[in-house]
Amino acid sequence: MAALPLSVLLGLQFLCARGQLQSAGVELLTEAATAWQGPLPCGEWDCDCAFRKQPGCCCAADGMFTLEEDSFHRIEYLMRDVMSLGKKVQELTGHSRIAFEANMAPGGQCFGPFSTNVPIPYSNVTLNDANGYNPSLGVFTAPCAGVYVFSFTVHSCVLENESLYHKVQLMRNGVVEASVWENNREDFEDNANHVVVLKLQRGDQVYIELMSGRRLCTQQPFNIFTGYILYPDTGDSTY
């Protein structure tokens with residue numbers, strides 16, 4: 001039996017403890033392998049266990065254990081990256097539906113003039129995803145930090161013997177960000193539009209106000225205030 005090729009004996013011994021050797025011929029080969037005399041030409045494999053100790057040992061056990069541990073750490077790092085990516089996706093998609101649109105409800109002949117600046121009550125709400133806009137106050141409060149786009153349309157119409165006299169401004173936390181106005185003594189109807197892009201923090205407030213002494217007259221529903229989030233701020237500054 002000692003004359004059998006060592007490669008055959010090694011191949012049989014590579015069958016680890018999961019398999020049960022049944023045939024008598026295989027048992028004889030196993031006995032010959034365990035009775036091997038002299039140095040074992042196993043290279044980097046630990047064949048001493050398989051040849052001299054337990055027949056169920058695997059020659060590649062050390063290498064397999066190293067591979068298993070390395071694979072475990074790789075999977076652990078991968079799961080950590082997946083969880084981090086999932087959190088970022090949730091932050092992005094969770095605040096992607098923030099938008100509102102509102103216009104002034106039909107009222108009297110004119111809104112204003114007032115002795116002080118007054119927020120314009122865009123009380124007719126047609127869209128208010130995430131409920132960031134308060135129609136009672138005419139104020140939008142940012143549900144999350146991010147970059148937002150706002151637009152407003154100002155319309156006023158007076159009699160032919162009167163003059164247009166209005167000034168409307170977009171405010172962020174009490175600070176003027178943009179404005180439109182009209183001091184025209186020739187036209188009796190005017191329309192103006194403005195679009196503003198602002199970076200807001202959570203809780204920042206944006207609204208439109210009419211300046212003191214000014215007025216918006218006739219067809220008040222043509223005055224519109226809209227806004228939506230362009231993208232949320234996740235705090236990732238890698239781009």
Side-chain angles (χ1 to χ4, degrees), residues 89-159 162 164-182 184 187-234:
V89 170
Q90 185 177 10
E91 290 176 351
L92 290 171
T93 58
H95 298 294
S96 62
R97 295 175 57 87
I98 301 175
F100 74 94
E101 181 180 62
N103 60 358
M104 294 182 66
Q109 181 65 23
C110 292
F111 177 74
F114 303 99
S115 60
T116 185
N117 297 354
V118 175
I120 298 177
Y122 300 94
S123 57
N124 183 25
V125 179
T126 56
L127 175 66
N128 196 12
D129 287 344
N131 296 317
Y133 178 73
N134 186 334
S136 300
L137 302 176
V139 176
F140 171 78
T141 303
C144 72
V147 175
Y148 291 77
V149 179
F150 297 96
S151 67
F152 58 99
T153 299
V154 181
H155 180 85
S156 187
C157 181
V158 296
L159 299 177
E162 296 180 337
L164 291 170
Y165 190 60
H166 66 256
K167 184 176 182 179
V168 172
Q169 51 195 20
L170 183 142
M171 311 291 293
R172 172 173 57 173
N173 298 332
V175 178
V176 179
E177 295 290 347
S179 61
V180 296
W181 63 90
E182 181 62 67
N184 197 324
D187 296 338
F188 61 91
E189 184 177 9
D190 184 75
N191 191 82
N193 301 277
H194 209 309
V195 178
V196 181
V197 179
L198 298 176
K199 187 173 184 178
L200 303 180
Q201 299 300 318
R202 181 178 180 181
D204 283 353
Q205 294 186 327
V206 178
Y207 56 94
I208 308 293
E209 69 176 14
L210 178 68
M211 294 290 292
S212 62
R214 308 298 179 108
R215 60 180 181 169
L216 298 174
C217 297
T218 315
Q219 299 176 331
Q220 294 176 12
F222 289 175
N223 289 271
I224 305 171
F225 182 31
T226 67
Y228 61 91
I229 189 168
L230 187 61
Y231 58 84
D233 184 3
T234 62

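Just so you know, these numbers come straight off a predicted model, no measurement behind them. Both backbone and side-chain heavy atoms feed into the values below; hydrogens, waters and symmetry mates do not.
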Colleague: Do K167 and S179 have side chains that approach each other closer than 4.5 Å (heavy atoms only, starting at C-beta)?
Modeller: yes
Colleague: What class does the angle between the rings of F150 and F100 fall in, given that below 30° is parallel, 30 to 60° is tilted and above 60° is perpendicular?
Modeller: tilted
Colleague: Under the side-chain contact (heavy atoms from CB on, under 4.5 Å) test, which residues partner P119, sequence neighbours left out?
Modeller: Y207
Colleague: Taking side-chain contact (heavy atoms from CB on, under 4.5 Å) as the definition, give me every residue that meets it alongside P113, ordered by chain and number, with sequence neighbours left out.
Modeller: R215
Colleague: Any heavy-atom pair between the side chains of L216 and I120 that's under 4.5 Å?
Modeller: yes
Colleague: Can you confirm whether L200 sits close enough to V206 that some side-chain heavy atom of one is under 4.5 Å from a side-chain heavy atom of the other?
Modeller: yes
Colleague: Please enumerate all residues that pass side-chain contact (heavy atoms from CB on, under 4.5 Å) together with D129, with sequence neighbours excluded.
Modeller: R97, L127
Colleague: Using a 4.5 Å cut-off on heavy atoms from C-beta on, say whether the side chain of L198 contacts that of E177.
Modeller: yes
Colleague: Show your reasoning for whether side-chain contact (heavy atoms from CB on, under 4.5 Å) applies to T141 and D204.
Modeller: CA-CA 6 Å; T141 303; D204 283 353; over 6 Å; no
Colleague: Is I98 close to F140 at the side-chain level, that is, under 4.5 Å between some pair of heavy atoms?
Modeller: yes
Colleague: Looking at every heavy atom in both Q201 and A145, which two are closest together, and how far apart are they?
Modeller: OE1-CB, 3.9 Å
Colleague: Please list every donor-acceptor pair under 3.5 Å in which a side-chain atom of residues 221-230 meets a protein atom from a residue at least two apart or in another chain.
Modeller:
from: N223; atom 1: OD1; to: H155; atom 2: N; distance (Å): 2.9
from: N223; atom 1: ND2; to: H155; atom 2: O; distance (Å): 3.1
from: N223; atom 1: ND2; to: Q220; atom 2: O; distance (Å): 3.1
from: T226; atom 1: OG1; to: S151; atom 2: OG; distance (Å): 2.4

Colleague: Output all residues satisfying side-chain hydrogen bond (donor to acceptor under 3.5 Å, both in side chains) with T126, sequence neighbours left out; order by chain, then residue number.
Modeller: E101
Colleague: Using side-chain contact (heavy atoms from CB on, under 4.5 Å) as the criterion, list what pairs up with N117, not counting sequence neighbours.
Modeller: Q169, E209, M211, S212
Colleague: Looking at Y133, is its backbone amide N or carbonyl O close enough to the side chain of N128 to form a donor-acceptor pair, meaning the two atoms are under 3.5 Å apart?
Modeller: yes
Colleague: Give a yes or no on whether the backbone of Y231 and the side-chain of Y148 come within a donor-acceptor separation of less than 3.5 Å.
Modeller: no
Colleague: So, do F152 and L170 sit near enough that their side-chain heavy atoms are less than 4.5 Å apart?
Modeller: yes
Colleague: State the CG-OG distance between L137 and S123, to the nearest 0.5 angstrom.
Modeller: 12.0 Å
Colleague: Start with the C-alpha distance between M104 and F111, add both sets of side-chain angles, then the distance that settles side-chain contact (heavy atoms from CB on, under 4.5 Å), and finish with yes or no.
Modeller: CA-CA 10 Å; M104 294 182 66; F111 177 74; 3.9 Å; yes
